Structures are given as structure tokens and as C-alpha cells.
Amino acid sequence: MAKIDLAGLSPEERRQLLEQLQSEDKKQREDRKEAYETLRNAFMNDVFGKVELIESEVVGFKKWLDGESESFKKVMSEYGMTRFGDQTSYTIVHGDLKLEIRSNKVKTFDERADMAAERLLEYLKKYMQASEKGADDPIYQLAMTLLERNKQGKLDYKSISKLYELESKFDSEYGEIMQLFKESNVVQGTALNYYFSKRDKDGVWRRLEPSFCRL
């Protein structure tokens, strides 16, 4: 760009030059913004396209594994002529491969939890309105987060249990709501967890972890 002698420009020419530079700067910012948003959209679509595909495959694998393991458990019971079918946790070893199946009780809530959740939402709304920090109050934000439901619209047992720890932060009405949650606790059934291991060249079992959390 050629060097401009500002001293030789009239006030009107200077004004026009400033407007031109500002226009060019705005255009560059808009171009950068558009380029960023285009790249962001492509990145997110690529990531979530693969995530949704993997999620679908994992859901299918879990359903398949549940059925196959249940069928094989019946074979084991018939082979050994035992009541093995009543056992829910066991380990299968074949050469350098090991599959551990562990069961645990799944706790959830009955209809009283929905009543407690509704009361708690109203309680927290009043608490937030009275708080100097309003919706930015960390205790309010924490409690609201723990009340979030999963994709099936169910309350999370572990999250609700953490609400009990906040009783000292609130008054007796909060305690009454927590008591309603506690009375709604029920054991719904059994969940199966699968653990996959393979023996390495040194004879040590190494866990195969199909999870980001373990990589």
C-alpha cells in the first residue's frame, strides 16, 4: 500500500480516508467471523456425526451382549446342573481373554420424588429471589444442577443424594423436602457391568477400556 501524505489532504479527504479504512477493517472482521463460524459448524457437525454413530453402535453392542451373556449363563447352568442362573456376577476366562460380569442394585424413586422435586423447585426459586447474588448464587446453581433429569426424564439417584448434604445450608422446609425424597427411595432392579481383559506377553491381565475416561 502506497504511503499517504496525511498533511497534504484536506479535512474532507481525511474524513473519506478514515471512513474507507474503517469500512475495510469492518469487512476484515466480518470475513474472519464468517470463516470462524464456517469452520466451527463443520467441526461440530463432523464430531457429533461420529459421536452419534458410535453411540448407536455401543447401544446395539450392549443390547447384544446382554442377550448373549444371559444365554451363555443358561448354558453354564445346564452344563454344571446347578442353580447358576440365580448368580448375577461371574467371570469367564478363555486363554488370554477374560470377561467379568458384575451386577449391582439400581436405586431410583417412586412418584413421591416428583412431588419433592416440584416443591424443591419452588423453594429454590424463592431462595434465589431472596439471595443477594440471585441466580448467580453458587448454592442455588448447585442445587438446580443436581435436580437435572437424564434422557429418560428420570432423577439421578446419586445427584439427589448429594442434595441431602446441603441441608445445613437451608431451613427446615428444605429438610422436609429432603425427607420426602428419602421416603421415595426404591430399589428398581439390577444393572450389569462388563469388564474386558486380555493377558499381555508378560502374563499380566490388562483391562480393555472402551471409554474416553480410561484412555
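All values reported here derive from a predicted model rather than from experimental measurement.
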Intermediate values then yes/no, side chain to side chain donor-acceptor pair (under 3.5 Å), Gln28 and Glu24: CA-CA 6 Å; Gln28 290 177 352; Glu24 291 175 355; 5.9 Å; no

For residues [X] and [Y]: do they belong to one hydrophobic cluster (side chain heavy atoms under 4.5 Å, members Ile, Leu, Val, Met, Phe, Trp, Tyr)?
X     : Y      : answer
Leu97 : Trp205 : no
Val47 : Leu39  : no
Val58 : Tyr194 : no
Tyr90 : Val93  : no
Leu53 : Met44  : no

Exceeds 12 heavy-atom contacts within 6.0 angstrom, atom CZ of Phe48: no

Atom CD of Glu118 with >12 non-hydrogen neighbours under 6.0 angstrom: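 No, because the 6.0 Å sphere around CD of Glu118 holds 12 heavy atoms or fewer from other groups.
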
Lys198/Asp96 salt bridge by N-O under 4.0 Å criterion: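 Salt bridge absent between Asp96 and Lys198.
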
Ion pair Arg15/Glu19, N-O distance below 4.0 Å: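 Salt bridge flag = yes for Glu19 with Arg15.
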
Test log, rule salt bridge (Lys or Arg N to Asp or Glu O under 4.0 Å), inputs Glu37 and Lys33: CA-CA 6 Å; Glu37 291 179 349; Lys33 175 177 176 290; 3.0 Å; yes

Do [X] and [Y] have side-chain heavy atoms sitting under 4.5 Å apart?
X      : Y      : result
Leu155 : Glu148 : no
Phe170 : Ile177 : no
Arg206 : Ser197 : no
Leu146 : Ile160 : no

[X] side, atom [atom1]; [Y] side, atom [atom2] - distance, nearest 0.5 Å:
X      : Y      : atom1 : atom2 : result
Leu124 : Leu147 : CG    : CG    : 6.5 Å
Ile139 : Lys133 : CD1   : NZ    : 9.0 Å
Ser77  : Phe72  : OG    : CZ    : 12.0 Å
Ser71  : Asp66  : OG    : CG    : 10.5 Å
Met115 : Leu120 : CE    : CG    : 14.0 Å
Leu192 : Ser103 : CG    : OG    : 6.0 Å

Plane angle bin for Tyr174 and Tyr123 - parallel if under 30°, tilted between 30 and 60°, otherwise perpendicular: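 Tilted, since the angle between the ring planes falls between 30° and 60°.
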
Aromatic ring pairing Phe196/Phe61, orientation class (parallel under 30°, perpendicular over 60°, tilted between):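 Answer is tilted, since the angle falls between 30° and 60°.
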
Taking all non-hydrogen atoms of both residues into account, name the closest pair between [X] and [Y] and its distance.
X      : Y      : answer
Asp202 : Asp200 : N-OD1, 2.9 Å
Leu142 : Leu166 : CD2-CD2, 4.0 Å
Ser69  : Ile101 : CB-CD1, 3.8 Å

Step-by-step side chain to side chain contact (heavy atoms under 4.5 Å, CB included) determination, Asn185 to Tyr157: CA-CA 8 Å; Asn185 285 358; Tyr157 178 80; 3.8 Å; yes

Check against side chain to side chain contact (heavy atoms under 4.5 Å, CB included), Arg102 and Thr91: CA-CA 8 Å; Arg102 298 287 178 263; Thr91 300; 3.0 Å; yes

Tyr127 ring center near Tyr140 ring center (under 6.0 Å): no

From CA spacing to verdict: salt bridge (Lys or Arg N to Asp or Glu O under 4.0 Å), Arg119, Glu122: CA-CA 5 Å; Arg119 284 185 58 187; Glu122 288 297 320; over 6 Å; no

Side-chain donor/acceptor of Arg199 to backbone N/O of Gly95, under 3.5 Å: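 Here the side-chain-to-backbone pair exists.
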
Short side-chain to backbone donor-acceptor contact, Asn45 and Asn41, under 3.5 Å: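 Looks like yes, one N/O pair under 3.5 Å.
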
Salt bridge (Lys or Arg N to Asp or Glu O under 4.0 Å) partners of residues 155-175, not counting sequence neighbours, each pair once: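 Every salt bridge (Lys or Arg N to Asp or Glu O under 4.0 Å) pair that includes a residue of residues 155-175, provided the two are not neighbours, is Glu167-Lys182.
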
Residues that Lys27 engages under salt bridge (Lys or Arg N to Asp or Glu O under 4.0 Å), provided they are two or more places apart: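 Scan of Lys27 (salt bridge (Lys or Arg N to Asp or Glu O under 4.0 Å), adjacent residues dropped) gives Asp31.
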
Stepwise side chain to side chain contact (heavy atoms under 4.5 Å, CB included) check, Gln141 with Asp136: CA-CA 7 Å; Gln141 292 183 345; Asp136 294 328; 3.9 Å; yes

Distance-only donor-acceptor check, side chains Gln16 and Gln20, under 3.5 Å: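 Not at all, the side chains of Gln16 and Gln20 share no donor-acceptor pair under 3.5 Å.
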
Verdict with supporting geometry, Leu99 and Tyr195, side chain to side chain contact (heavy atoms under 4.5 Å, CB included): CA-CA 6 Å; Leu99 172 63; Tyr195 303 97; over 6 Å; no

